[in-house]
Number of protein chains: 2
Amino acid sequence: MASTPPKRARNAAATRDAILHSALAAFSHHGYDGIGVREIARTAGVTGVLVNRYFGSKEELFSAVVELAFADNSLFGGDLALLAQRLASRIVTKTKKGAEPTDSFLLLLRSAPHPRAAEILRDSIARHFERPLKATLQGPRASERAAVMLALFAGLQLLRRVIGSKALADANNASLFDDLAAMFQSLIDGPAA
Amino acid sequence: MASTPPKRARNAAATRDAILHSALAAFSHHGYDGIGVREIARTAGVTGVLVNRYFGSKEELFSAVVELAFADNSLFGGDLALLAQRLASRIVTKTKKGAEPTDSFLLLLRSAPHPRAAEILRDSIARHFERPLKATLQGPRASERAAVMLALFAGLQLLRRVIGSKALADANNASLFDDLAAMFQSLIDGPAA
DNA sequence: GTCTATATAATGATAGAC
DNA sequence: GTCTATCATTATATAGAC
């Protein structure tokens with residue numbers, strides 16, 4: 001423990017990474033407007049100065065965060081046969097209170113109001129979600145069905161996790177899962193049925 | 001034009017109303033965090049002082065705006081037989097660019113990130129949308145199905161109007177209408193089918 | 001590489017004049 | 001009933017020390 005002190009010190013790459021992940025959590029939880037660079041930096045163990053040093057501005061930090069969050073799209077990228085279950089499962093899965101997970105749709109929902117953040121998100125969504133999902137779907141109007149799937153998924157998270165709808169929160173998890181999986185599956189199958 | 005000057009002057013009720021409608025438009029467009037009381041007041045033709053004079057605080061102004069916006073719920077309150085068409089129609093109807101209409105779902109989407117605004121919205125949504133819609137639906141799990149309908153509706157508007165998804169914007173209106181109406185109808189009908 | 005201190009700007013809210 | 005002027009707070013971003 002002599003060569004590597006317990007507190008990472010003067011390491012540009014590690015500091016940059018710590019800021020980036022702190023920002024991902026903070027933007028996902030509070031939205032672009034709801035958090036300041038000072039607090040993002042404080043959670044990362046540094047001061048706000050280094051945010052601008054490593055990212056230039058809050059807006060550029062947000063761009064980097066979006067790319068990080070949307071790079072892992074295992075939700076839509078995996079096995080098509082289980083996609084409906086995967087999406088439905090994500091909706092009904094309980095999340096620990098207080099330690100809200102930093103997923104990309106919360107980042108999207110909470111930062112969409114800010115005009116510049118919306119532009120950054122629109123571009124990233126098209127590249128990381130709409131395009132690969134559309135490419136995976138069979139049958140006619142794949143692009144439209146992909147968008148409707150994303151809309152259903154985003155709307156459910158909006159009501160359940162951002163608004164906190166009691167009806168969705170109190171619903172029986174098993175039957176909610178079944179109903180949602182069926183809806184997603186019919187969108188995946190398309191009008192061929 | 002002698003007794004009523006062209007510019008409304010020193011009329012408390014009219015001024016309050018002007019502020020309220022200016023705030024509705026502003027909050028719908030920019031979200032709770034995205035607009036200041038000064039600019040809301042300026043659009044209403046007064047200074048920011050009167051916002052606090054008539055509403056007490058920005059937060060109380062927002063509460064009044066939410067009640068105003070959600071009071072007209074003709075979309076969900078009308079004939080149940082045509083509800084699915086009404087919802088699908090609202091999604092595909094083109095909206096004039098630049099003069100964005102001030103509807104309640106934009107208010108919801110853009111202000112949800114703010115914690116206090118989210119509380120106010122959650123309460124108002126439960127009273128004005130979830131409760132009446134649940135009461136109208138037949139069959140089991142009416143509350144859950146009502147919430148899923150709201151989620152689908154909100155998610156579609158999120159992608160189309162806030163994020164600006166090209167896939168939804170470019171979709172053929174007629175087939176999109178048919179697909180969405182079918183989804184809403186199956187939620188209205190429930191598992192009885 | 002990281003800090004303290006500060007410049008600059010915008011916000012919500014209030015006091016007091018008219 | 002409405003204004004101008006101001007306070008207190010907070011935000012992003014930067015200059016300069018170590």
Side-chain angles (χ1 to χ4, degrees), chain A residues 3-23 26-27 29-65 110-111 113-117 119-120, chain B residues 3-24 26-27 29-66 110-111 113-117 119-120:
Chain A
S3 58
T4 54
K7 285 179 191 261
R8 145 194 62 74
R10 294 178 176 262
N11 181 328
T15 297
R16 201 193 123 100
D17 199 60
I19 293 171
L20 192 59
H21 281 84
S22 167
F27 284 138
H29 200 99
H30 304 286
Y32 185 89
D33 272 341
I35 195 73
V37 294
R38 279 179 182 77
E39 197 166 352
I40 289 172
R42 195 180 53 75
T43 304
V46 295
T47 63
V49 180
L50 298 192
V51 170
N52 286 320
R53 176 169 176 82
Y54 289 124
F55 295 93
S57 68
K58 185 185 184 182
E59 191 177 302
E60 291 172 280
L61 170 62
F62 183 77
S63 284
V65 164
R110 293 222 167 97
S111 296
H114 194 275
R116 271 296 292 143
E119 282 182 43
I120 293 166
Chain B
S3 57
T4 54
K7 285 180 193 258
R8 148 195 60 75
R10 294 179 176 260
N11 180 329
T15 297
R16 202 194 121 99
D17 200 60
I19 292 171
L20 191 59
H21 282 85
S22 167
L24 171 59
F27 284 137
H29 200 96
H30 304 286
Y32 186 88
D33 271 341
I35 195 73
V37 293
R38 278 179 179 77
E39 197 167 351
I40 289 172
R42 195 180 54 75
T43 304
V46 294
T47 63
V49 181
L50 298 192
V51 170
N52 286 321
R53 174 168 179 81
Y54 289 126
F55 295 93
S57 68
K58 185 185 184 182
E59 191 176 301
E60 291 171 279
L61 170 63
F62 182 76
S63 284
V65 163
V66 170
R110 294 218 166 101
S111 296
H114 193 275
R116 270 295 293 145
E119 284 182 42
I120 293 166

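These numbers were taken from a predicted model, which means no experiment stands behind them. Throughout, a chain's letter reflects where its sequence line sits, starting with A, and its residues are numbered from 1.
Counting only Watson-Crick and G-U wobble pairs whose two distances sit under 3.5 Å, DNA chain D takes part in these stems of three or more pairs: C:1-7 with D:12-18, C:9-18 with D:1-10.
One finds the CG atom of L61(A) at 9.0 Å from the CG atom of N52(A) (value rounded to the nearest 0.5 Å).
Look at T15(A) and you won't find any side-chain N or O under 4.0 angstrom from OP1 or OP2 of dG1(C). A sub-4.0 Å separation between OP1 or OP2 of dC3(D) and a side-chain N or O of T47(B) is present.
Considering all non-hydrogen atoms of both residues, Y32(A) and F27(A) come closest at CA-CD2, 3.8 Å. Of all non-hydrogen atoms in S111(A) and A117(A), the two that sit nearest each other are O-CB, 3.4 Å.
Between F55(A) atom CZ and dT14(D) atom P the separation is 16 Å, expressed in whole Å. Atom-to-atom, NE2 of H114(A) to C1' of dA10(C) comes out at 13 Å; the value is rounded to the nearest Å. Rounded to whole Å, the distance from CG on L50(B) to C1' on dG12(C) is 15 Å. Rounded to whole Å, atom C1' of dA10(C) lies 16 Å from atom NE2 of H30(B). Between the CD1 atom of I19(B) and the P atom of dT2(D) there is a distance of 8 Å, given to the nearest Å. Rounded to whole Å, atom P of dA10(C) lies 13 Å from atom CZ of R42(B). Atom P of nucleotide dA10(C) and atom CD of E39(B) are separated by 12 Å, given to the nearest angstrom. In this entry the distance linking CZ of R53(B) with P of dG16(C) reads 15 Å, nearest Å.
Judged by distance alone, with hydrogens and angles left aside, the side-chain atoms of S22(A) form no donor-acceptor pair with the main-chain N or O of A41(A) at under 3.5 Å. The backbone N or O of P113(A) lies less than 3.5 Å from no partner atom in the side chain of R110(B), so there is not a single donor-acceptor pair.
Residue pairs that meet the salt bridge (Lys or Arg N to Asp or Glu O under 4.0 Å) test with at least one member in residues 35-46 of chain B, sequence neighbours left out, are E39(B)-R42(B). For the side chain to side chain donor-acceptor pair (under 3.5 Å) condition, the pairs that include at least one residue of residues 55-65 of chain B, sequence neighbours left out, are S57(B)-E60(B), E59(B)-R116(B).
Counting non-hydrogen atoms under 4.0 angstrom, I35(B) reaches the backbone sugars and phosphates but no base. Using a 4.0 Å heavy-atom distance criterion, Y54(A) is classed as a sugar-phosphate-only contact.
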Distances for protein N or O near nucleotides 13-15 of chain C N or O, under 3.5 Å:
| unit_1 | atom_1 | unit_2 | atom_2 | d |
| --- | --- | --- | --- | --- |
| dA13(C) | OP2 | N52(B) | OD1 | 3.3 |
| dA13(C) | OP2 | K58(B) | N | 2.9 |
| dA13(C) | N6 | R38(B) | NH2 | 3.4 |

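Applying the ring pair (Phe, Tyr, Trp, His ring centres under 6.0 Å) test to Y54(A) and every residue at least two apart in sequence or in another chain returns nothing. Residues that satisfy the ring pair (Phe, Tyr, Trp, His ring centres under 6.0 Å) test with F55(A), not counting sequence neighbours, are absent from this structure.
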